[in-house]
Amino acid sequence: MAKYIFITGGVMSALGKGITGAALGSLLEGRGYRVLMKKFDPYLNIDPGTMSPFEHGEVFVTEDGTETDLDLGHYERFLSSNTNKYSNITSGKVYDKVLEKERRGDYLGQTVQVIPHITDMIKERITKGDDDYDIVIIEVGGTVGDIESLPFLEAIRQFKYDAPTNSVVYVHVTYVPYLETSGEMKTKPTQHSVQKLMEIGIMADILVCRSRYPLNQDTKSKTARFCNLRDEDIINAFDVASIYEIPIMLNKEGMDNLVLRKLQLDEKPYTLDKWYDISNRIKDPKHEVTVAMVGKYVNLKDTYISLREALNHAGIHHQTKIQVKLVDSEGIKTDEDARNAFANVSGILTPGGFGERGVEGKIRSSAYARENNIPYFGICLGMQVAIIDFARNVLGLADANSQEFAPFTPNPVIHYMAGQEGAEKGGTMRLGAYECELDEGSLARTAYGVKTIHERHRHRLEVNQDYLDRYSEQGLVISGVNPGSGLPEVAEIPGHPWFLGCQFHPEFKSKPTSPHPLFVGFISAAINHSSQKG
Ligand code: GLN
């Protein structure tokens, strides 16, 4: 049986439990252990697919087509293993399963209750799919003290006593604020949070104290005393410039050894070379480029987290600092607006998106990149707007549009796939990894270096194939198609320095250790563009 690490959070949300867990996972993988990561989310949605990215951040898509919490993106970026449909369990999913069983009569004669029925279902999910792994790390979303996370906490509490001894470790992530007025690091919120956890019956084995500045030994010792722990059980994770420095920081704090000792696993040798290499490249950039990101949810960092990380990975590869200029597409109403917004950028990236708001500005941005030879990377909706621009402004089809925004346009250059129009909203899009074959000599083929790729999708509409001949006559080619369905997956403009749109989301598969080829290609073109500008 695998060993289990449960990660809970206290004091406040957004402390980076997911990244902490993922960084720990990478250290344990580095020691030769097979590590699986999962996330429990207490909300009642079946999955975050129907939530606003503005409120909840990005929806991460797994290889098997599950819409999940963005923390799974961190797990995949730090670890070698991929997540799947068993990796993100919400209260909604748990209740759904229990109620399905109740209707079937599986609990005949019983009163169906949170304890034991919901908690048993959660416990079933803890171990699901763990056969090939030595260590399973499970992050419990939310903050201790929330009403809705109680069933999950009760389940992980019970789990320790179902499992063999020394096979469960509880890690609690808290915050130690720095009080400017007294110049002190305050441990009281952490003490209270640990007490709150104890009320539920969980004794934290390790505390990860997040803080703005490094904690001194006195503060660590004091925290240990008040929380029934030893000094060594207090791990400090202070703010660092890049999330990719966190594995090194946790290792210096002794966290991986500590966990292994508590789980009675061998402290096998390891190397941190790859993390040092990545950190050094980030700290010592040789170039700097600015790329514009054109979207409407641009004021929330987490809305495009995988995309931003994929850009960072390409930056690490090229040893280049990437400045992202957030451009609100609603502000691009004229060519003059585009000129002003893109005057000092070396690349324009339009990410995926839904809904009509801001779309005309995205179409104008793509046109600006095309006409002014600025590297352009259009992802999903970003590809669709590039096609609309080309149809309108090169083919002369002034009313060309997507059926998403103009259902009755005579020129639906982007149209609904069969069965997608008016479909129920949850989990019905074209989701997950699909095969794509790339044309010899294309930009995409050069970037990937292989003919057949698999990339993850999340959309309802597709490029309308009726117009393809006219595009290619005028200089836009489809360089990647799905071999089964013939659906166009990649579009390029060969005469342009770098103009590529893809119907899939390459950002989900980029890792700091293996940056995504399309992002590497785009940033390389941006570096060239910026050096030509002088
Ligand atoms: N809204 C578009 C569609 O559903 C694009 C989706 C996306 O960019 N992920 O096809």
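For the single chain, residues carry numbers from 1 onward in sequence order. The figures that follow rest on heavy atoms only: side chains count, while hydrogens, waters and symmetry mates do not. Counting convention: from 1, in listed order, for ligands and their atoms alike.
When only non-hydrogen protein atoms are considered, atom 10 (O) of ligand 1 lies nearest to Leu461 N, 2.9 Å. Closest protein heavy atom to atom 7 (C) of ligand 1: Cys380 SG, 3.0 Å. Nearest protein heavy-atom contact of atom 9 (N) of ligand 1 is Arg458 O, 2.8 Å. Shortest contact from atom 5 (C) of ligand 1 to any protein heavy atom: Gly353 O, 3.3 Å.
Relative to the six-membered ring of Phe390, Arg392 misses at least one condition, a distance below 6.0 Å or an angle of at most 45° to the axis.
Heavy-atom contacts of Arg460 reach the following atoms of ligand 1: 3 (C), 4 (O), 10 (O) (cutoff under 4.0 Å). Close contacts of ligand 1 with His505, meaning ligand atoms under 4.0 Å from a residue heavy atom, involve 9 (N). Close approach of ligand 1 to Leu381 is summarised as follows: ligand atoms under 4.0 Å from at least one heavy atom of the residue are 5 (C), 7 (C), 8 (O).
Nearest to atom 2 (C) of ligand 1 by heavy-atom distance, out of His459, Gln403, Glu404, is Glu404.
Atom CG of Leu44 sits about 6.5 Å away from atom CD of Glu148, to the nearest 0.5 Å.
Of the N or O atoms in Gln503, none lie within a sub-3.5 Å distance of an N or O in ligand 1.
Remark: aromatic rings of His56 and Tyr43 are close, center separation under 6.0 Å.
Within 6.0 Å of CD in Glu356 there are 12 or fewer heavy atoms belonging to other residues, nucleotides or ligands. Few gaps surround NZ on Lys511; more than 12 heavy atoms of other groups in view lie less than 6.0 Å from it.
Between the side chain of Asn482 and the main chain of Glu435, a donor-acceptor pair closer than 3.5 Å is present.
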Kindly determine whether Glu455 and His516 satisfy side chain to side chain donor-acceptor pair (under 3.5 Å), including the steps that lead there. CA-CA 11 Å; Glu455 291 284 5; His516 193 284; 2.6 Å; yes
